[in-house]
Amino acid sequence: GHVPQPVNLFDTEFVWNYEAGLKAAFLERALRMGVTGFYSDYTNLQQTLFRINPQTAVRYPRVENAASAAIKGVELDLEAIPYRGLRLRASATWLDAQFGRFTSIDPIYPERGEQDLTGNRLPQAPEWQFGVSSEYSLPISSTLEVTARADYKWQNEIYFDLFNNPLNTQGTYGLLNASVAIGTIDESWSLSAVVRNA
């Protein structure tokens, strides 16, 4: 009988990850800090690329081992407990994520032909991210406490495609969330009111 042939063959992708960090605590652990540096080296990175059939001139998507990629970054985390019941946190991440050498046809602009995407930023990889949060817990009886929390996260723009097309991006944005909860000190139950994306 006829044995169907696979329509798309590609190799396994590989990544080497390297990470180093430092954690420290001060003021009897009331202030804690962590910093981490990382580097990821991808080879045979699998990507969905667009090609043109030379017989029909029709463009079509296919998965290929398109490129290498290098992702490097630094993360910083801070946590402070100024006094009992109050916890403050802050974080920051810097990310540099770039493709190695490869080409593809942009389905939005096929008339441009094969485009060199070397050095383009990886999709959904913001260069900067920041976050801050605060949480305050106040006992109101021997068994109950009220907890108020707020957090804010921010990141700069990201691309959604390999071509870093400005028409296919998400701009810089920040999100604010807040909540108030009442529950038992032993955390056996709690009732919360939450506001997201305020």
Side-chain angles (χ1 to χ4, degrees), residues 10-49 63-104 115-137 147-166 168-179 187 196-197:
F10 46 88
D11 294 329
T12 303
E13 67 181 17
F14 295 92
V15 60
W16 284 96
N17 288 309
Y18 308 89
E19 183 174 310
L22 176 67
K23 292 184 178 181
F26 309 94
L27 304 175
E28 297 181 349
R29 301 186 65 81
L31 177 63
R32 287 182 281 188
M33 180 189 73
V35 60
T36 304
F38 55 89
Y39 179 80
S40 298
D41 183 17
Y42 284 86
T43 54
N44 284 339
L45 187 64
Q46 297 167 4
Q47 293 292 314
T48 300
L49 305 181
V63 176
E64 296 184 13
N65 295 105
S68 60
I71 301 174
K72 55 188 175 183
V74 179
E75 295 178 341
L76 175 66
D77 292 291
L78 298 171
E79 182 180 78
I81 304 175
Y83 54 86
R84 184 178 180 86
L86 178 62
R87 185 184 301 270
L88 305 174
R89 291 190 176 105
S91 63
T93 302
W94 171 76
L95 190 65
D96 181 21
Q98 294 186 359
F99 284 111
R101 180 176 174 80
F102 78 115
T103 64
S104 177
Q115 294 189 44
D116 183 5
L117 306 181
T118 305
N120 276 17
R121 193 166 188 84
L122 270 65
Q124 302 190 52
E127 183 179 10
W128 289 100
Q129 292 176 287
F130 299 101
V132 291
S133 69
S134 62
E135 181 178 284
Y136 181 59
S137 297
T147 301
R149 177 180 173 85
D151 64 79
Y152 180 76
K153 296 178 181 179
W154 178 94
Q155 70 175 39
N156 68 341
E157 73 172 6
I158 59 173
Y159 297 104
F160 288 117
D161 62 25
L162 312 176
F163 308 93
N164 291 182
N165 191 322
N168 195 16
T169 65
Q170 176 176 271
T172 297
Y173 74 94
L175 294 177
L176 175 64
N177 302 318
S179 66
E187 299 183 349
R196 298 191 185 279
N197 300 346

Student check: side-chain heavy atoms of [X] and [Y] closer than 4.5 Å:
X	Y	value
M33	K23	no
R149	S133	yes
Y159	Q124	no
D41	F14	no
F99	S68	no
V35	V74	yes
E127	L95	no
E79	L88	no

Mark yes or no for whether [X], through its side chain, and [Y], through its backbone, hold a donor-acceptor pair below 3.5 Å.
X	Y	answer
E13	Q46	yes
R84	S137	no
N165	T169	no
D151	A178	no

side-chain contact (heavy atoms from CB on, under 4.5 Å) between E75 and F38, intermediate numbers included: CA-CA 8 Å; E75 295 178 341; F38 55 89; 3.8 Å; yes
Nearest 0.5 Å, please: how far is [atom2] in [Y] from [atom1] in [X]?
X	Y	atom1	atom2	value
I81	L27	CD1	CG	11.0 Å
L86	Y83	CG	OH	4.5 Å
N177	R196	CG	CZ	6.0 Å
Q115	F102	CD	CZ	10.5 Å
D96	L122	CG	CG	10.0 Å
Q47	Y42	CD	OH	10.5 Å

Non-hydrogen atoms of G174 and Y152 that approach each other most closely: CA-OH, 3.5 Å
Flag for N156-T172: side-chain donor and acceptor within less than 3.5 Å: no
Side chains of D11 and N44, donor plus acceptor under 3.5 Å: no
Parallel, tilted or perpendicular: rings of F130 and W154 (30°, 60°): tilted
side-chain contact (heavy atoms from CB on, under 4.5 Å) evaluation trace for Q155 with W128: CA-CA 6 Å; Q155 70 175 39; W128 289 100; over 6 Å; no
Steps toward side chain to side chain donor-acceptor pair (under 3.5 Å) verdict (T103, D116): CA-CA 5 Å; T103 64; D116 183 5; over 6 Å; no
side-chain contact (heavy atoms from CB on, under 4.5 Å) between Q98 and N120, worked out: CA-CA 5 Å; Q98 294 186 359; N120 276 17; over 6 Å; no
Test log, rule side-chain contact (heavy atoms from CB on, under 4.5 Å), inputs L117 and F163: CA-CA 7 Å; L117 306 181; F163 308 93; 3.6 Å; yes
